[in-house]
Amino acid sequence: MSVHDVGGRRRFEDSEFTLRIYPGVIAEGTIYCPITARKITSAAEVIEQVIDRLQLDRTKCYVLAEVKEFGGEEWILNPTDCPIQRMMLWPRMALENRFSSEDYRFLLREKNLDGSIHYGNLQMWLQVTEERRRMVERGFLPQPLPKDFDDLCNLPDLNEKTLLDNLRSRFKQEKIYTYVGSILIVINPFKFLPIYNPKYVKMYDNHQLGKLEPHIYAVADVAYHAMLQSKQNQCVVISGESGSGKTQSTNFLIHHLTALSQKGFASGVEQIILGAGPVLEAFGNAKTAHNNNSSRFGKFIQVNYQESGTVRGAYVEKYLLEKSRLVYQEHNERNYHVFYYLLAGSSEDERTVFHLKKPEEYHYLNQDCFTVEGEDLKHDFERLQLAMEMVGFLPATRKQIFSLLSAILHLGNIRYKKKIYRDDSIDICNPEVLPVVSELLEVKEEMLFEALTTRKTVTVGEKLIVPYKLAEAGTVRDSMAKSLYSALFDWIVFRINHALLNQRDLEESAKILSIGVLDIFGFEDYENNSFEQFCINFANERLQHYFNQHIFKLEQEEYRSEGIAWHNIDYIDNTGCINLISKKPTALLHLLDEECNFPQATNQTLLDKFKRQHEGNRYIEFPAVMESAFIIKHYAGKVKYGVKDFREKNTDHMRPDIVALLKSSKNAFICGLIGIDPVATFRWAVLRAYFRAMVAFRDAGKRHVEKRSGESNEMHLLDVKSLKYLSNLTLQDRITKSLLHLHKKKKPPSISAQFQTSLNKLMETLGQSEPYFVKCIRSNAEKLPLRFNDALVLRQLRYTGMLETVRIRQSGYSIKYTFQDFVRHFHVLLPEGTNQASQEAIRRYLHQVDLTPEGFQMGRTMVFLREAERQRLQDLLHQEVLRRIINLQRRFRALLERRNFLRMRQEAAVVIQRNWRLYWRGRAARRIQTVWRRHRARELYLRQRDITIRLQAAGRGYLARQRYDAILSKEGCSVKINGLITQAELYYGLGYTNQHFRFSWKSTDTLTLFQVEEHNGHIFKSTQYSIPTYCEYCSSLIWMMDKACVCKEFFSAKCVHVIWAVIKDAGTYSMFLSFHVQYDPELSSRQFGVELSRLTNDERAVPLVVEKLINYIEMHGLYTEGIYRKSGSTNKIKELKQDVNGMNLDDYNINVIGSVFKQWLRDLPNPLMTFELYEEFLRAMGKQMLIRGVYSIIDQLSRTHLNTLERLIFHLVRIVLQEETNRMSANALAIVFAPCILRCPDTTDPLRSVQDIGKTTACVELIICEQMNKYKARLKDISTLEFAENKAKSRLTFIRRSMVRVKSEFHVSTDIHITQMSKTLLNRAYFWINILVGPETTFLSTFYFPSYFRGS
């Protein structure tokens, strides 16, 4: 089988693959059949392609089998299995040698009717296999590669050679992980391998240990699910030499734990955990002779989880930062990474501000090497800043941190010399460095000089200033630099813990689950080993003792107490070495603390005390030659330690003069680092910030700085409660701060005492958790990629006791259940009635399932199983659970089908009954329709006969009426009919001829005059009529004469303009409304945040965006519940705001459109009710005449603002009228729109604006309610108009009938006039109805009254 586009390293990322299917005896003459397939192609589809290509017999049944060694066991694939996915799990060597190797392949087999596999001539196949074996033995065929074991417990022959050979074989195949039961061995390849991508994260999710290839993800997954199932805390202990890959393994482990927790919802803590790693590495890791990224401190990361598996919080505990590395580095070593990141990645401005130079120009950096092969310092600095931002460090805080780092580097450049004229005094050789350091630390230069050259001693009654000696001055300078850096590192850890803190932990006492990951410094043995190596190796001794206790001592004691058959396995016990170092009163660390209390003690006195107390102890030796050193026999071998600087490093305290100098700094950040109590420091910072805020507000006055939009940085704010919680939770802050305050009465503990306290707390935490061990092995000392050094690896395997560990795991029982736990876990498999956790019932069941006798034992209270037997029981449990699930599903589906059948039967009966009833109803309806049509036809016949008679009567009088009209038109007379008088002569003096006028009569009170006039091709009609109106102040009835002119072809397509003139109260007010059929103004591309006057013109009184949004809302969202109360999607709102005119509003939710409309109102630079009239509206709300006062202020608005406000209020009235459906009352709309249209000016006091919310809301609500009342009054007017129309129709009908008896000429003329009057009245009525209510008797969404607020 082959893979397309195969590179040097086999990665199966292509979409298509080629499978080689070996048909064997099924298709003689064909060695293999190439098939193209994808990752999702199933085995059934592959078999179908093989049948088509080889033209096999389709009546037979075929299966696909996977074989992993020649002549080995064949794994039959299910039809739904994917061969490509199975192939991707093959080892890399099998894929590279696919043309010559015959081990890994897919075979096509024929399946018999009984389900067995038909192999054809089995004897011939066995004969070929035997011949192949003989040819391999003679050397004619290459020897097969030895099989490696992913679990060392499966080795058939256990000794050091087979152990080492198996690890070497796997390492050459780039398999760096190997199991020892549940223990994981990691061999550092010094090369990144592509086995940590999301595919592997998903692959190892919720899998049993040992089912897949060993991996660090498998350990994390098992610990995570064991925590959720057993509700018990877990921990992962990662140990090994320096350079064995512990830090990288920790990063992979934390990454997988956070990925597992994000299967629920991501709480944000995961990102902070991932970001804390690069920050701690930059400030706490450095290059050593053995490792380019060696951790120079220990850390214990505890990730807290909720019971659902989601991350709840975390905290980091640090142990013993190597401060001496800051001022001195051995050969082929560097300082901490952060200094090189800062010098290489900072910008020019930052270099100027921080006074940065090249690394060669700093004494703390130029002692040996500067670079590491393959690193990109600029990229690492950008990665560091991004990680600090993820943790929550603000830009100002990062600037202060980098400034302090630069100050530490410049502090190391200070050099001393003796004064010429005084031997007991010293001076600074390069005084130009002092201003730089004082500027960066923000202290006075004179005080800095005094603190670095002299010390103050207080005696009885006087204060002495004593100059430092030349050697003492350098020590004080280095001590100041180390203390500053240590305090900075502790502060960073403290802030990371605060960012990881869950605030609910301060209030709730609920039990939380946790997984702890220990990444502590590895065992070290250099040419010159000092106090730091002594403490580091002591910590590794404690961890090895913890490992021995769990793997050997406790387990074997449990076997003996349970009474099972067991032979003890010897192991290396390092209890004696631990007692030598830490057991009082003669422990080495205790003796060191005693010597530190004697002022006259020296290195030799310390070494002599060691000899006197421990002469003859087999764990300590002293060199034969006169050398200030001693040798400790650790579990990993002998290490020589030089006693030089042991006492100084154990009491590395900062003098009070330096502390006072730093506390006098003007930089609050530096003062906070020196503060001994975080709570007190925080309270002082709050008080200082309060007074600064008062001064700032007093100077600023009423100026208001607008908040920047679009920035929402969620940060954890410091508070006293969280600071106290963190101070009690971790130790690092108390460790450093106690060293900075020697003037306190209580003497601070030594470094060794603090380190022992931290280790004791760590062991206590580990003792309360279920441990998982990861043993890291260094593959070679030269840090070469994929280089396996047998001697180095074997040495590490020996001192870690790996051979004994494999032996006890191989012969022991790693799985233990109490009888109750066994019954509770496997009760599904146990026979019915086995509720009692009895030993006999469990033993009887274990014998029934055919477990190997040596695979389990029954103790007095527990069941002991090996991993293989437990996996078999787990498989049986899984199969039984699946069987029961399928049974439940089958019964549930049968129940659903039964219910569905009953429902269908009931619905069928209903359908039959409905159709039967419809049939009879149809017959009855046809009978009624027949009678009704007969009745209507009869009435139509009688009415047509009556009309015919009347037409005949009118025809007979035609000649008489024609004669009478001729006489009337010549003389001009007054005609009195039923008390109605019209005088044409009255209008002759106005310049109108008689051809311009037609007369009609509406009632005894109203004179209606129609005038026909032609202008610019349009024929207009005008009429006057009275409309009863009530005064809004006195409620008295007012009769106003209105005149309207309209084109006769207004409703046709020929008319382009409509001119509407309204004349009120003898010409007090006229307005013309003109609108075009086609209107296409030039619009600005920007619609939001623009002055309203820029969006309107003479032709458009209201902005187009307002019309478009309101029209759409009135047409589609008038009945939507909470239309303006609910907000739409933020992303959709932003998308629609970009181009409202060009977007199709049907693609957006109605709440999104409403939110965009409100946003448009809020973005107006000057709101609709304007900043200038804001105070006027508020004063009007305090008067008695509310309505009159508010409307008088509204009249002061500009024409543009008034038109838009009228349109908005008209729209809100329509919303309120549908309150029963949309649940939006006038008060609710006022609450929503008051901040949009009646905002306070920017110069107003914010507190006062909050107090005015009630008034502004009441003002807007008042306007809405008043206009709603006017709206209802308009509807009454419309009803009156409709009543007048009906009355006019009936009156005209009566007059027409009465005029039949008049002379023919008069009848003809009057009939024509009446017909014209009737048409005009109807046109006027429909015109006003259309104007007021629209063509569908609803309020128009397009037209509205421009003079709405003036009571027109």
Side-chain angles (χ1 to χ4, degrees), residues 1027-1038 1040 1042 1062-1065 1067-1071 1073 1092 1096 1101-1102 1106 1110 1161 1164 1166-1217 1225-1241 1252-1277 1331-1332 1339 1343-1352:
I1027 299 177
T1029 306
Y1030 292 92
C1031 179
E1032 64 183 11
Y1033 298 112
C1034 62
S1035 300
S1036 60
L1037 188 64
I1038 303 174
M1040 296 184 298
D1042 286 4
V1062 180
I1063 303 175
K1064 289 186 181 180
D1065 197 10
T1068 57
Y1069 155 69
S1070 298
M1071 175 171 285
L1073 176 63
L1092 195 59
T1096 58
V1102 179
V1106 176
I1110 289 181
L1161 294 174
L1164 286 176
N1166 196 10
L1168 290 182
M1169 301 179 75
T1170 69
F1171 291 139
E1172 293 79 9
L1173 300 179
Y1174 177 79
E1175 298 292 340
E1176 299 293 334
F1177 282 108
L1178 294 185
R1179 283 194 291 270
M1181 292 305 296
K1183 298 180 180 179
Q1184 295 181 354
M1185 303 296 290
L1186 293 180
I1187 300 176
R1188 182 178 298 175
V1190 171
Y1191 275 76
S1192 63
I1193 300 174
I1194 289 176
D1195 288 335
Q1196 300 177 21
L1197 293 173
S1198 64
R1199 192 62 187 166
T1200 304
H1201 284 255
L1202 182 59
N1203 291 336
T1204 309
L1205 180 62
E1206 287 173 348
R1207 184 67 182 97
L1208 173 63
I1209 297 300
F1210 182 79
H1211 169 65
L1212 297 182
V1213 169
R1214 295 199 62 192
I1215 297 290
V1216 174
L1217 290 176
S1225 61
N1227 180 261
L1229 290 174
I1231 293 174
V1232 174
F1233 282 88
C1236 301
I1237 64 176
L1238 189 55
R1239 301 198 307 268
C1240 64
D1252 294 339
I1253 290 177
K1255 293 183 180 180
T1256 57
T1257 304
C1259 180
V1260 176
E1261 183 181 1
L1262 175 68
I1263 297 173
I1264 296 174
C1265 293
E1266 182 62 18
Q1267 296 307 313
M1268 184 171 62
N1269 295 334
K1270 292 185 178 182
Y1271 173 89
K1272 294 178 180 178
R1274 295 282 176 163
L1275 292 181
K1276 284 187 178 181
D1277 294 342
I1331 290 298
L1332 294 176
F1339 234 116
F1343 305 127
Y1344 58 93
F1345 282 91
S1347 56
Y1348 197 83
F1349 290 108
R1350 296 170 177 80
S1352 61

Might you point out which heavy atoms bring [X] and [Y] nearest each other, and give the distance in Å?
X	Y	result
A1226	I1264	CB-CG2, 4.0 Å
A1180	I1193	CB-CD1, 3.6 Å
P1235	A1230	CD-O, 4.4 Å

Just verifying a value: how many Å separate [X] [atom1] and [Y] [atom2], rounded to the nearest 0.5 Å?
X	Y	atom1	atom2	value
I1237	T1204	CD1	OG1	11.5 Å
I1110	R1214	CD1	CZ	11.0 Å
L1208	L1161	CG	CG	6.0 Å
Y1174	K1255	OH	NZ	9.0 Å
E1172	L1197	CD	CG	9.5 Å
L1205	L1212	CG	CG	9.0 Å

What's the verdict on side chain to side chain contact (heavy atoms under 4.5 Å, CB included) for L1238 and F1233, showing C-alpha distance, side-chain angles and the deciding distance? CA-CA 8 Å; L1238 189 55; F1233 282 88; over 6 Å; no

For a 4.5 angstrom cut-off between non-hydrogen side-chain atoms, does [X] reach [Y]?
X	Y	value
M1169	I1263	yes
M1181	V1190	yes
K1272	L1217	yes

Practice problem: List the steps, then state whether side chain to side chain contact (heavy atoms under 4.5 Å, CB included) holds for D1252 with L1178. | Solution: CA-CA 8 Å; D1252 294 339; L1178 294 185; 3.5 Å; yes

Worksheet item: Is the backbone N or O of P1167 less than 3.5 Å from a side-chain atom of H1201, with the two atoms forming a donor-acceptor pair by type?
Response: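 A pair under 3.5 Å: yes.
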
If only atom types and distance count, is the side chain of N1166 paired as donor or acceptor with the main-chain N or O of F1171 below 3.5 Å?
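Yes, because the side chain of N1166 sits within donor-acceptor range (under 3.5 Å) of the backbone of F1171.
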
